[in-house]
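Following: one structure in structure tokens, then a few remarks.
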Amino acid sequence: MGADVRHVADGIYLVHGSHTNWVILTDGDAVTLIDTGYPKDRRLVLESLAAVGAAPEAITAVLITHAHNDHLGSAEHLRTTYGTPVYLHEAEVPHARRDFLQQVSTPEVLRNAWRPGVLPWAVHVLRVGGTEQHPVAAPEAFPPADGPLDLPGRPVPVHTPGHTDGHAAFHLPDAGIVVSGDALASGHATSRIQGPQLLPDMFHHERARAVASLDVLAALDADTLLPGHGPVHHGSVRAAAELARERASRPPNAR
């Protein structure tokens, strides 16, 4: 299966990998890559770059929403092979080095194995290297900026902790787009609902903070959501975040 590249706006592409998305921002020949999928999504990452007319050498920077294996996948490969800097929120830098790990554990997955979709998802995770560790040896905190980063696409990092301590979304104010990572999804293999939602509880390091971060996303002026999981969501990001908050307040079996 090839890379599923969706053109969202001028110079902005959402790519559906194997259960995880990444985003390509282009400015002429230069590229910003937001997230890199699972470790074994590398071929798809390279295919998606080629599909938009870019080579991996053209990546100015890799931005990582958070250092889970399904987003960090090929970051270290790109850094060591092409010299591409890998940037994260300062609180996520040690997570990318694997000084610690804030990720759902195997015992927790097994405790939730009775839930619809969890076992097929877990099998898929094993197939695409989701349990492998590929730490970034020299991750860097986002460069200081009073607004957009000086990178293709001019993304603005927005700290949205909860899923992990240093989770960050990216606002593209000129395009009215939010790249939400796992702070706000529109679907997941282990979820029984579609549309704006938090990921199932087992995936969050601190669920209460993840719920609170929905208010941060709701305050951003945008009408398109590019999530880490699920399809592009067109419509007010404020309304999407409010719907996710309302769904998060329901009992688990009623969401």
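No donor-acceptor pair under 3.5 Å is formed between the side chain of T60 and the backbone N or O of T32. In this structure a side-chain-to-backbone donor-acceptor pair under 3.5 Å is missing from H188 to H19. No donor-acceptor pair closer than 3.5 Å links the side chain of H124 to the backbone N or O of L126. Without hydrogens or angle criteria, T224 side chain to H234 main chain gives no donor-acceptor distance under 3.5 Å. At least one donor-acceptor pair closer than 3.5 Å links the side chain of H95 to the backbone N or O of Q102. The closest donor-acceptor contact from the side chain of H204 to the backbone of E206 lies at 3.5 Å or more, if one exists at all. Proximity of a side-chain donor or acceptor of S180 to a complementary backbone N or O of A183 within less than 3.5 Å is not detected. Side-chain atoms of T81 never come within 3.5 Å of backbone atoms of L78 as a donor-acceptor pair (strictly under, hydrogens ignored). Between the side chain of D27 and the backbone N or O of G153, no donor-acceptor pair lies under 3.5 Å. Of the possible donor and acceptor atoms, one in the side chain of N69 sits under 3.5 Å from a partner among the backbone N and O of G130.
At a cut-off of 3.5 Å, with distance as the only test, a side-chain donor of D35 or T65 sits close to an acceptor on the other residue. Using a 3.5 Å distance cut-off with no hydrogens or angles, the side chains of S191 and Q197 do pair a donor with an acceptor. Side-chain contact check for T164 and E92: at least one donor-acceptor pair (N or O, by modelled atom type) lies under 3.5 Å. Side chain to side chain, H167 and D182 fail the donor-acceptor criterion of an N or O pair below 3.5 Å.
Considering every non-hydrogen atom in both W22 and D41, the closest pair reads CZ3-OD2, 3.8 Å. Nearest heavy-atom pair, S213 versus P161, reported as atom, atom and distance to 0.1 Å: OG-O, 2.7 Å. Between L44 and S18 the shortest heavy-atom distance is CD1-N, 4.3 Å. The shortest non-hydrogen separation linking V156 to P173 is CG2-CD, 4.0 Å. The nearest pair of heavy atoms linking G129 to P39 is O-CG, 3.3 Å. Shown here for T20 and D70, the closest heavy-atom pair between the two residues is CG2-O, 3.0 Å.
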(Q) For a ring-ring contact (aromatic ring centres under 6.0 Å, His included) check, start with the C-alpha distance between H163 and H68, then their side-chain angles and the critical distance, and finish with the verdict. (A) CA-CA 10 Å; H163 188 65; H68 281 168; 4.7 Å; yes
Q: Start with the C-alpha distance between H7 and V52, add both sets of side-chain angles, then the distance that settles side chain to side chain contact (heavy atoms under 4.5 Å, CB included), and finish with yes or no.
A: CA-CA 9 Å; H7 179 250; V52 304; over 6 Å; no
(Q) Determine whether T36 and L33 satisfy the following criterion, side chain to side chain contact (heavy atoms under 4.5 Å, CB included), listing intermediate values before the conclusion. (A) CA-CA 7 Å; T36 66; L33 178 63; 3.9 Å; yes
Q | Verdict with reasoning, V15 to R6, per side chain to side chain contact (heavy atoms under 4.5 Å, CB included) | A | CA-CA 6 Å; V15 186; R6 305 297 177 99; over 6 Å; no
Q.
As a quick check of understanding, evaluate side chain to side chain contact (heavy atoms under 4.5 Å, CB included) for S48 and Y13, giving each step before the final call.
A. CA-CA 9 Å; S48 66; Y13 303 87; over 6 Å; no
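Environment of CG in D150: sparse, with no more than 12 heavy atoms of neighbouring residues, nucleotides or ligands closer than 6.0 Å. Within 6.0 Å of CZ in R127 there are 12 or fewer heavy atoms belonging to other residues, nucleotides or ligands. For D4, the CG atom counts as densely surrounded, since its 6.0 Å shell holds more than 12 non-hydrogen atoms of other residues, nucleotides or ligands.
Distance check: L199 CG to T190 OG1 gives 7.0 Å after rounding to the nearest 0.5 Å. Taking OG of S186 as the reference point, atom CG of L243 lies at 11.5 Å (rounded to 0.5 Å). H77 NE2 to L46 CG: the interatomic distance, rounded to the nearest 0.5 Å, is 6.0 Å.
L119 and L110 sit in two unconnected hydrophobic clusters of ILVMFWY residues. Membership requires side-chain heavy atoms under 4.5 Å apart, directly or through other members.
A salt bridge links R245 with D215: the closest approach of a Lys/Arg side-chain nitrogen to an acidic carboxylate oxygen falls below 4.0 angstrom. Taking the charged nitrogens against the carboxylate oxygens, D165 and R209 do have a contact shorter than 4.0 Å, which makes a salt bridge.
Other members of the hydrophobic cluster containing L220, listed by chain and number, are V158, V178, L184, L198, V211, L214, V216, L217, L225, V237; membership follows side-chain contacts under 4.5 Å among ILVMFWY residues, whether direct or relayed. Under the 4.5 angstrom side-chain criterion for Ile, Leu, Val, Met, Phe, Trp and Tyr, the cluster partners of I34 are V8, I12, L14, V23, L25, L63, Y87, F142, L149, L151, F170, L172, I177, V179, L226, V232.
Ring centroids of H71 and H229 are separated by less than 6.0 Å, placing the two rings close together.
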Listed pairs under 3.5 Å, donor-acceptor, residues 133-141 side chains, sequence neighbours left out:
residue	atom	partner	partner atom	Å
Q133	OE1	R98	NE	2.6
H134	NE2	E132	OE1	2.7

